[in-house]
**Student:** 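Dropping the structure in here first, questions after.
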Amino acid sequence: MTQPAPAAEAAAHKTAPADGGSPWRATLARADVRTLSLLGVLAALILIGGVTQPDSFLDTDNLQLILTQASVIGVVTVGMTFVIISGGIDLSVGAIVALASVWATTVATQEYGFAGILFTAVVVGMGCGLVNGLLIAYGGMVPFIATLAMLASGRGLALQITDGKTQMVTVDGVLRLGERDSYVLGIPPLVLVFAAVTVVGWLLLNRTTFGRRSVAVGGNAEAARLAGIDVRRQRLYLYLLSGLCCGIAAFLLIVLAGSGQNTNGNLYELDAIAAAIIGGTLLSGGRGTIVGSVLGVLIFTTITNIFALNNLETATQQIAKGAIIVAAVLVQRRTANNH
Amino acid sequence: MTQPAPAAEAAAHKTAPADGGSPWRATLARADVRTLSLLGVLAALILIGGVTQPDSFLDTDNLQLILTQASVIGVVTVGMTFVIISGGIDLSVGAIVALASVWATTVATQEYGFAGILFTAVVVGMGCGLVNGLLIAYGGMVPFIATLAMLASGRGLALQITDGKTQMVTVDGVLRLGERDSYVLGIPPLVLVFAAVTVVGWLLLNRTTFGRRSVAVGGNAEAARLAGIDVRRQRLYLYLLSGLCCGIAAFLLIVLAGSGQNTNGNLYELDAIAAAIIGGTLLSGGRGTIVGSVLGVLIFTTITNIFALNNLETATQQIAKGAIIVAAVLVQRRTANNH
Amino acid sequence: TSNEPKDEGSDDKEQQVADDKPGKKVTIGFAGPQADHGWLNAINDQAKKRAEKYSDVTLEATEGSNDTAAQIGQVETLINKKVDVLVVLPADGKALTQVGLKAMKAGIPVVNLDRVFATPQAYRCWIGGDNYGMGLSAGHYIGEKLKDKKNARVVELAGLDNLELTKQRSKGFDDALKNYSNIEKVARQAADFTVESGQSKMSQLLQAQKNFDALWNHDDDQGVGALRAIKQAGRDDFLMVGGAGALSAFQAIEADNSVLKATVLYPPTMAASAIDLARALGQSKGVSGMAEFEIPSFVTCYSAVVDKDNVDQYMSTGFK
Amino acid sequence: MAPEPPLLTMSGITKSFPGVRALDGVDLQVQAGEVHCLLGQNGAGKSTLIKVLAGAHQPDGGEITWRGERTALKSPIAAMRLGVATIYQELDLVEHLSVAENVHLGHEPTTAGFVVRARDAKASTAALLKRLGHGEIDPGRLVGELSAAQQQIVSMARALSHEVRLIVMDEPSAALDPDEVDNLFRIVGDLTADGVAVVYISHRLEEIRRIGDRVTVLKDGRAVAGGLPAKDTPTKDLVALMTGRNLEYVFPDRPTGPPAAEPVLTVRGLTRHGEFEPLDLDLRPGEIVGLAGLVGSGRSEILETIYGARKASAGQVSVGGETLRPGSVRAAVRAGLGLAPEERKAQALLMLESVTRNVSVSTMSRFSRGGWVDRGAELRAARAATRELSLRPDQPHVPVRTLSGGNQQKAVLARWLLRGCRVLLLDEPTRGVDVGARAELYAVIRRLADDGLAVLLVSSEVPEVLGLADRVLVLREGRVVHRAPARDLDEHRVLDLVLEGSPAS
Ligand SMILES: Nc1ncnc2c1ncn2[C@@H]1O[C@H](COP(=O)(O)OP(=O)(O)OP(=O)(O)O)[C@@H](O)[C@H]1O
Ligand SMILES: Nc1ncnc2c1ncn2[C@@H]1O[C@H](COP(=O)(O)OP(=O)(O)OP(=O)(O)O)[C@@H](O)[C@H]1O
Ligand SMILES: [Mg+2]
Ligand SMILES: [Mg+2]
């Protein structure tokens, strides 16, 4: 998909070097404009939340809640960001979360306790990622179609395994992780995992050859090939990474919900892609940031939270959500262009 | 999103001029390989259907049924094909179908009878398309995000209008259109509308300046702009067209279901995009065919029909659907490459 | 347009009553929504198990779709297959009316399960639950428990809001609460029948409402998530009433160690009854336990409230 | 000749793409320390040959010997390991990565095998850029922000970041200024002095004369001559080998006397802040005006602003007396302007589409009634236009991407020819176009002018501007520093003006 108004994009680019001075500052400034505008949107939301619900919104409990709610989809979004940066897309994330969460909570798996659940979730996630990666990198399938097929099959398999039933977790260690006693310095473990995944994702993207190569494959696959990068293998790794993130997210969801269910992760694909794009990742590949994606997730989660605290009706919530997305993006564009 | 293996794509292209002779034949040959491989997949499915359910599958009733089922999503897919060819995407089609179908079946609308329902469905569809188009073409929003916002708001508004209730159609003329007495030479009116939309879409794409411009904008927006095409206006028209198709589809759905419902059109966006891509439309824009998209729709509908006739369980259906998509695409690629 | 039962058998002087003994072979077509949820899954299970019990019944089950157009297609498939009787649980009752009519016109009697068609012409027999009544039961139960409390506050965790049944449940609940002037409903949020959404919406409700006295949750599946959220928030200062009748809910009520004190039934066993009715229709027999020759045209299942006192009695009907 | 075995021998290399035999048994022999030039028309197979050498294409047949030993170059990495580095014709950089990241892409300096030592990468990139005489390029900047010339330098730095024994340069000078080219040749000199071999591809014969040692000429995927002395082989012979014809590499005659007609294009005080200063210009029918200047002097910006593709900060453009709405391409096109932009692929061509559709895209409405395209009329008209420019192959339905560079350029010209425009804006019309096609293009451009078209020409090749244009405007940093009839200028004078910028009047 092409992005409209490349001119504006280019304009946003042009400015950076122009304000002269240290190029390091220029780079910073460039990143900043985008990130700042996202932070601005988030700040505006927090203001709205604080004004409409002064008691319940700016409460520690509520901040913990927002962050916890953001954790599961946040981890998925980190993986998705890599995939989109590399010029691909992964529609199967929700289905993979569902499959991993039910596979990891079968009676047989639960016998192996904490480790069994964690291990299964991660391995199932990576297994699905591997299939996606093989189909796309070596089978030459279009990512949209390959991962759509995985979506269908993954959900089917999850239903097959559960037979539609909710699988309760009986392993104490796992359950406890989702409860208040496990908070570390007031931070829920789920949030810690999310933070860790974010940091690792950031390092991976910005400080390692893996990250460079992902950007290169997305920005110009032919150039990457000519530079000696094994483009296919890189693509395979990227879907594997997305699968891994889904596996971790599935584990978090198991902890959060104390159960595994085949309806888990419903429409995560849309949420994760939307968060990444709002965060500044180009759907056509070649550019994106982890920080932006995470801010995108937080923006969406905060919106939902404010709606619920204000007891809005479902219909109003949906209508307002669309309007807020439009407003946020238009404001963001305006800020970015004015710099 | 970039497509992998551009080399193979290129290969498929190159062949055409080489076999020399009439260029018309060359064009035909190129189109044929792709279309033939889709027809092959469809034939294989029909074979499977005929073998597994010899009595019920190849029955006139069943063929009428498959085509009727394909009509609603088929009309949506024709509009979607144009949007994708132009390098965009429309995630809001399902929501627009829902909104148009409930708006057109309110008590107030039904007072105006057949014309009132048809008119409202089409106008609401085009209105939503207009908003999408304005946001994307003139607001500079990324199509994915703009239409995602429309998805949320559209569904919210549909829920608002119905308050969750299904609205029965009381207009006789509309109801009768879905019944057997209205069949023309054994062809249900819905199928006739689908056929008409397909033909008009084909002509529009292949025989008019509108089609040329759509392809040009999708193939290289900057080149189109410098060649004197008003790219923004073209984009606006394209989303308007997609909205129009959604409005028509909403009307068909009203006829089919004898009612309007806010849950209508669920996940049509994925189905329509998938059908278009399976049919050979490039997700990155610049190439696509109406015939391919329609074949894509028929393939998906036939798969569902065969599953239903064979009494497969939901889980099995979903798993098999994923596998069939993969198989179909891989077979198709192989055929295309061998030519 | 014939709403009459089939001619065969109606000549008999004495109407036979369907029993467990094998009779005329009957093919029953069964179409339901996508069984991705505990209660819907239980519906499928109940139907299948009951059909297996009869050697004379063949079940043609086209399973699940939540999309109106797709489900219409599935029912039409069954009509084309010329099954003897149809059992249809529509994703949306009104939207499938047309196809119900079509089946009846084609001479296939339709047993409409739960979500009701817009016109009785579209079914021979309807059996289902009472969503409004479910809300009423929940409201009255909570009302009675809180009737002595001043300024009592109640919270509702509704199900999928774009389904009509959710609105009916809420309406019943609100109407029942009107009888209790001391009770105010302070918040309502809708989840979507999944554990994940139940957990998420409930934690936000708990955050929004720092104190309330009772909670009604429409669905025990999403209740698993809601209970989890309540545990995570460390709250136990209110009473919770569930809906539908899942086994896990019964167990929790029996154990009496959580806020969940009762659940309002919406029995999936109605699917088994539907199969019985369909078989009887196919064999042109009546049902036992009734004086009438004919099968009734409308059967509404009662939404009983299950609490600690009667949970033993219902334990066996709980679905997983 | 040196007694030691040649550094590289390629023999009988064949390579087919579906439907095209790109290489048909090519032989190439390169000695250490020499500059070996590859010559050939567009589509002769030069790039394909060097891609085989770079491991980017696998040959269908033939043998490659490296320092006397047979090898197979299975992948770009394998070639890099041997010491073969390549600067590709199509810039192969990743826009959203920085200069340093691009230079080290695929062989980043790392700790523990995967953590990039960014500081080291930057330092070594800075050193390479300095060696290339471009210390001013900041290794931390994104490549997408650099000009085409700077990107070319980055490509070169990337090639030199490997241990090289053989460096391949595929038309490196196409986007470079004269002094940049001098700089390039200095680097080539340094490299060969160190015993590194250079394979050099260019369509500019004078460059080959200057630095080449030996020449191999390709024609239709075959080496028609190998190891010719670069300095002494007569131009006539080289051109004949390449084209199979005897072609005079000359510019068409100018009409005698200046055209008398009223100006068709009038530009008054046209400005874009930061890009170019107020510009006045009159262009008469039948006249070719050239804009000379360095890369980055703002010539493309001027053309695009006149055309409405960029919005002017001030000033106005009128065509035939009518003032154009600023920032509107459509207004410009309607008034009779046509632009053949600098980046053919990115800005002008619909690569997946047929020649006909590329030619007719600006004229569709003429062949349509109520939006309905009369495809017969369209085809006939487009064909007439492409035939007039002798575009080859004469197959209107082939996708334009299969055409060679020169023919793609002709397709763009045909678009405006068909439209019947009054003013043609040409931005680097012969970039990457071979000698034969170039001579044809010159003739075409002059003929169009003779038929009453006004032409505004931008070219980085000074001889081209001087040879083709009637009048020349010399630009320096966005400012016109000199205006004169072309016959009053010579290359030396223009270069002085361009570099030093002596006062305008
Ligand atoms: N990837 C490819 N797929 C198909 N055909 C190709 C491909 N690359 C090159 N060709 C064809 O091979 C032939 C040789 O092309 P090549 O790029 O080697 O020419 P060249 O000598 O470099 O021309 P130029 O001077 O224009 O750069 C041409 O006909 C071209 O169209
Ligand atoms: N996309 C871009 N981003 C940032 N700067 C740019 C971009 N394109 C051009 N520039 C800058 O704008 C100025 C003019 O560039 P440009 O190369 O178009 O000039 P030109 O005179 O047309 O040269 P050429 O001979 O290449 O056509 C240069 O300083 C260049 O670095
Ligand atoms: Mg080349
Ligand atoms: Mg330029």
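Convention: sequence-line order gives letters A, B, ...; per-chain numbering from 1.
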**Student:** If I measure from the heavy atoms of chain B, does C/L78 come under 4.5 Å with its side chain, its backbone, both, or neither?
**Tutor:**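 It is neither, since no heavy atom gets under 4.5 Å.
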**Student:** Can you establish whether the number of heavy atoms outside C/K185 located under 6.0 Å from its atom NZ is more than 12?
**Tutor:** yes
**Student:** Between B/Y268 and chain C, with a heavy-atom cut-off of 4.5 Å, which part of the residue counts as in contact: side chain, backbone, both or neither?
**Tutor:** side chain
**Student:** So which of B/T68, B/V169, B/N262, B/N266 has the largest heavy-atom pair count under 4.5 angstrom toward chain C?
**Tutor:**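 Greatest number of close heavy-atom pairs with chain C: B/N262.
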**Student:** C/T97 versus chain B, heavy atoms under 4.5 Å apart: side chain, backbone, both or neither?
**Tutor:** side chain
**Student:** Is it the side chain or the backbone of B/Q318 that comes within 4.5 Å of chain C heavy atoms, both, or neither?
**Tutor:**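 Answer is side chain: those atoms of B/Q318 sit under 4.5 Å from chain C.
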**Student:** Look at the side chain of C/K167 and the backbone N and O of B/G164, then say whether any donor-acceptor pair between them is shorter than 3.5 Å.
**Tutor:** no
**Student:** Give me the atom names and distance for the closest heavy-atom approach of B/L175 to C/Q98.
**Tutor:**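 The pair with the smallest heavy-atom distance is CD2-NE2, 3.2 Å.
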**Student:** Can you confirm whether more than 12 heavy atoms, excluding those of B/Y183, are under 6.0 Å from its OH atom?
**Tutor:** yes
**Student:** Looking at B/S259 and C/A95, what are the two nearest heavy atoms and their distance?
**Tutor:** OG-CA, 3.1 Å
**Student:** Count the heavy-atom pairs under 4.5 Å between each of C/G93, C/A31, C/A69 and chain B, then report the option with the highest count.
**Tutor:**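 That would be C/A69.
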**Student:** Answer whether the closest heavy-atom distance between the side chains of C/K102 and B/R180 falls below 4.5 Å.
**Tutor:**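 They are in contact (side-chain heavy atoms under 4.5 Å apart), so the answer is yes.
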**Student:** More than 12 heavy atoms of other residues, nucleotides or ligands under 6.0 Å from NZ of C/K53: yes or no?
**Tutor:**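 It does: C/K53 NZ has more than 12 such atoms within range.
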**Student:** Do B/Q53 and C/K81 pass the side chain to side chain contact (heavy atoms under 4.5 Å, CB included) test, and can you show the C-alpha distance, the side-chain angles, and the key distance before you say yes or no?
**Tutor:** CA-CA 10 Å; B/Q53 295 290 326; C/K81 274 184 157 182; 4.3 Å; yes
**Student:** C/I72, C/D92, C/T77: which one forms the most heavy-atom pairs within less than 4.5 Å of chain B?
**Tutor:**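 Option with the greatest count: C/D92.
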**Student:** For B/W103, does the CH2 atom sit with more than 12 other heavy atoms under 6.0 Å from it, leaving out its own atoms?
**Tutor:** no
**Student:** CD of C/E76 to CD1 of B/I66: how many Å apart, nearest 0.5 Å?
**Tutor:**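 Nearest 0.5 Å value for the CD-CD1 distance: 12.0 Å.
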**Student:** Taking only residues two or more places apart in sequence, or in another chain, which ones meet B/T170 in a side chain to side chain donor-acceptor pair (under 3.5 Å)?
**Tutor:**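 Partners of B/T170 under the side chain to side chain donor-acceptor pair (under 3.5 Å) test: B/Q110.
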**Student:** From C/K82 NZ over to B/D55 CG, what is the distance, rounded to the nearest 0.5 angstrom?
**Tutor:** 9.5 Å
**Student:** For chain B, which of C/N162, C/T166, C/L163 has the most heavy-atom pairs under 4.5 Å?
**Tutor:**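 With the most close heavy-atom pairs to chain B, the winner is C/N162.
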**Student:** Where on B/L159 is there a heavy atom nearer than 4.5 Å to chain C: the side chain, the backbone, both, or neither?
**Tutor:** side chain
**Student:** Go through the atoms of B/L253 and report whether side chain, backbone, both or neither lie under 4.5 Å from a heavy atom of chain C.
**Tutor:** side chain
